[in-house]
Amino acid sequence: METSAQGAGRPEGGGTAGQDPQAAAVGASVPGARPPASLSPSRASDFMQCPLLYRFRVIDRLPERPSEAATRGTLVHAVLERLFDAPAVERTAPRARSLVPGQWERLRESRPEVVELFADDPGGERLARWLGEAERLVERWFTLEDPTRLEPAERELFVEAELESGLTLRGIIDRVDVAPSGEVRIVDYKTGKAPRPEYAEGALFQMKFYALVVWRLKRVLPRRLQLVYLGSGDVVTYDPVPADLERVERKLLALWEAIRLATETGEWRPRPTKLCGWCDHQAHCPEFGGTPPPYPLPVRAEASGDGEQGRMGPG
């Protein structure tokens with residue numbers, strides 16, 4: 001899981017709400033804003049989806065409303081993480097369900113803005129249904145994996161690696177399993193449904209990103225990448241090879257170069273798709289008649305013969 005407070009307005013499909021590991025390296029939309037200094041899977045996906053969306057989230061840091069789907073994802077992830085605190089024999093579905101109310105209270109305390117999701121629900125009926133949906137997702141996990149037979153080496157693992165190019169990659173992995181033989185499996189929980197086969201590559205991009213970071217950081221090629229879709233009850237696995245991850249690295253370097261150029265020139269073009277309907281930034285988007293806020297970073301001057309003028313390094 002890569003958590004993303006800025007992604008809280010997305011449709012359910014795996015994104016969760018929380019603190020983006022890239023956020024610490026990015027300034028606010030006030031004087032003192034800084035250019036991007038690292039790349040995470042969700043922000044890479046943002047730029048590929050719509051460069052202007054990337055700008056709104058990373059450069060301008062525009063606020064976004066929490067969504068029920070993304071917040072439910074955060075809650076479910078917290079329950080599955082905490083369940084492994086218990087001895088193996090006690091990792092049961094009833095125990096997991098019992099963790100939901102307490103983790104919801106913790107989420108409300110750490111992120112008070114999620115309370116507004118149910119501000120118009122004084123009787124609590126909608127909240128009760130929402131919590132029930134979270135419980136059902138947690139229960140479905142037990143039909144897909146047996147936590148009594150798992151002893152994760154890591155949970156909610158923050159990883160960061162600097163490539164030879166200087167680009168820093170960051171992310172948070174839901175679970176890392178290490179076999180007695182030393183083979184590594186990277187696992188990610190998704191609270192949405194598994195995508196159709198023609199969209200599977202997009203879902204695997206995040207996992208290959210994590211695998212690349214682990215490979216570069218630990219010099220260990222993960223044996224398996226595993227996506228657990230709680231919304232549909234599917235488990236998707238993929239066994240990477242070095243050539244796969246080398247292609248991902250080349251793609252990320254090209255993507256970072258495009259981000260660098262957009263940062264220097266201030267040219268962040270919108271890319272309309274059906275996902276625009278879920279975007280919180282329509283009021284600032286030219287595609288909807290809006291105007292982006294003033295660009296808070298210096299803009300590179302027109303070509304003056306100095307190829308290095310205004311260049312921004314990846315760090």
Side-chain angles (χ1 to χ4, degrees), residues 2-7 19-62 64 158-172 202 205-206 208-213 215-217 244-273 275 279 281 284-287 291-315:
E2 187 194 10
T3 54
S4 173
Q6 299 292 354
Q19 178 63 40
D20 190 314
Q22 185 174 336
V26 180
S29 58
V30 295
R34 292 177 293 170
S38 63
L39 197 59
S40 61
S42 62
R43 299 294 77 89
S45 296
D46 284 345
F47 189 85
M48 290 187 289
Q49 175 187 324
C50 175
L52 185 59
L53 173 64
Y54 177 97
R55 178 202 148 170
F56 286 158
R57 286 177 167 166
V58 175
I59 305 296
D60 298 296
R61 304 287 291 166
L62 297 182
E64 296 184 359
F158 173 77
V159 290
E160 177 180 276
E162 182 176 326
L163 304 181
E164 290 183 1
S165 66
L167 170 59
T168 297
L169 303 180
R170 296 176 171 180
I172 299 177
F205 170 76
Q206 175 188 8
K208 292 179 180 180
F209 184 110
Y210 292 149
L212 172 62
V213 175
W215 189 34
R216 294 305 188 208
L217 186 64
D244 286 338
L245 304 189
E246 289 167 353
R247 281 193 293 270
V248 171
E249 183 169 1
R250 289 194 295 270
K251 180 176 182 177
L252 291 173
L253 292 175
L255 188 65
W256 188 247
E257 175 62 19
I259 291 172
R260 183 194 64 77
L261 182 61
T263 303
E264 289 184 349
T265 62
E267 290 291 329
W268 302 90
R269 299 185 183 279
R271 184 176 297 147
T273 69
L275 296 176
C279 185
H281 306 305
H284 296 287
C285 180
E287 293 295 322
T291 302
Y295 191 53
L297 297 177
V299 176
R300 183 181 63 185
E302 294 297 328
S304 61
D306 182 359
E308 294 301 311
Q309 180 177 352
R311 288 188 62 83
M312 180 195 76

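A pairwise comparison of heavy atoms in Arg269 and Pro51 identifies O-CD, 3.2 Å as the closest pair. Closest approach of Pro41 and Gly171 over heavy atoms only: CD-CA, 4.4 Å. Across all their heavy atoms, Glu264 and Arg260 have their closest contact at OE2-NH1, 2.7 Å. In terms of heavy-atom proximity, Ala44 sits nearest to Leu255 at CB-CD2, 3.6 Å. The two residues Pro292 and Phe56 come nearest to each other via the heavy atoms CB-CE2, 4.0 Å.
Here the CH2 atom belonging to Trp268 is positioned 6.5 Å from the CD1 atom belonging to Ile259, to the nearest 0.5 angstrom. Of the inter-residue distances, the one linking Glu164 atom CD with Leu253 atom CG reads 10.0 Å to the nearest 0.5 angstrom. If you take CD1 on Ile59 and OG1 on Thr263, they are separated by 5.0 Å, rounding to the nearest 0.5 Å. Considering CG of Leu62 and NE2 of His281, their distance stands at 5.5 Å, rounded to 0.5 Å. Put simply, CZ on Phe47 and CG on Leu52 are 10.5 Å apart, with the number rounded to the nearest 0.5 Å. The structure places CD of Glu160 at 5.5 Å from OG1 of Thr168, a figure rounded to the nearest 0.5 Å.
For the pair Thr273 and Cys50, the minimum side-chain heavy-atom distance is 4.5 Å or more. Looking at Leu212 and Arg216, their side chains come closer than 4.5 Å, going by heavy atoms from C-beta outward. Side-chain atoms of Pro270 and His284, non-hydrogen and from C-beta on, never get closer than 4.5 Å to each other. By the 4.5 Å heavy-atom criterion applied to side chains, Leu252 and Glu249 are not counted as neighbours. Using a 4.5 Å cut-off on side-chain heavy atoms (C-beta onward), Lys251 and Lys208 make no contact.
By the ring-ring contact (aromatic ring centres under 6.0 Å, His included) test, Phe209 is found to be paired with no residue, residues two or more places apart in sequence or in another chain being considered. Under the side chain to side chain contact (heavy atoms under 4.5 Å, CB included) criterion, Leu217 pairs with Ala161, not counting sequence neighbours. Checked against salt bridge (charged side-chain N to carboxylate O under 4.0 Å, His left out), Arg247 has the following partners two or more places apart in sequence or in another chain: Asp244.
Proximity of a side-chain donor or acceptor of Tyr54 to a complementary backbone N or O of Ser45 within less than 3.5 Å is not detected. No donor-acceptor pair closer than 3.5 Å links the side chain of Arg271 to the backbone N or O of Leu53.
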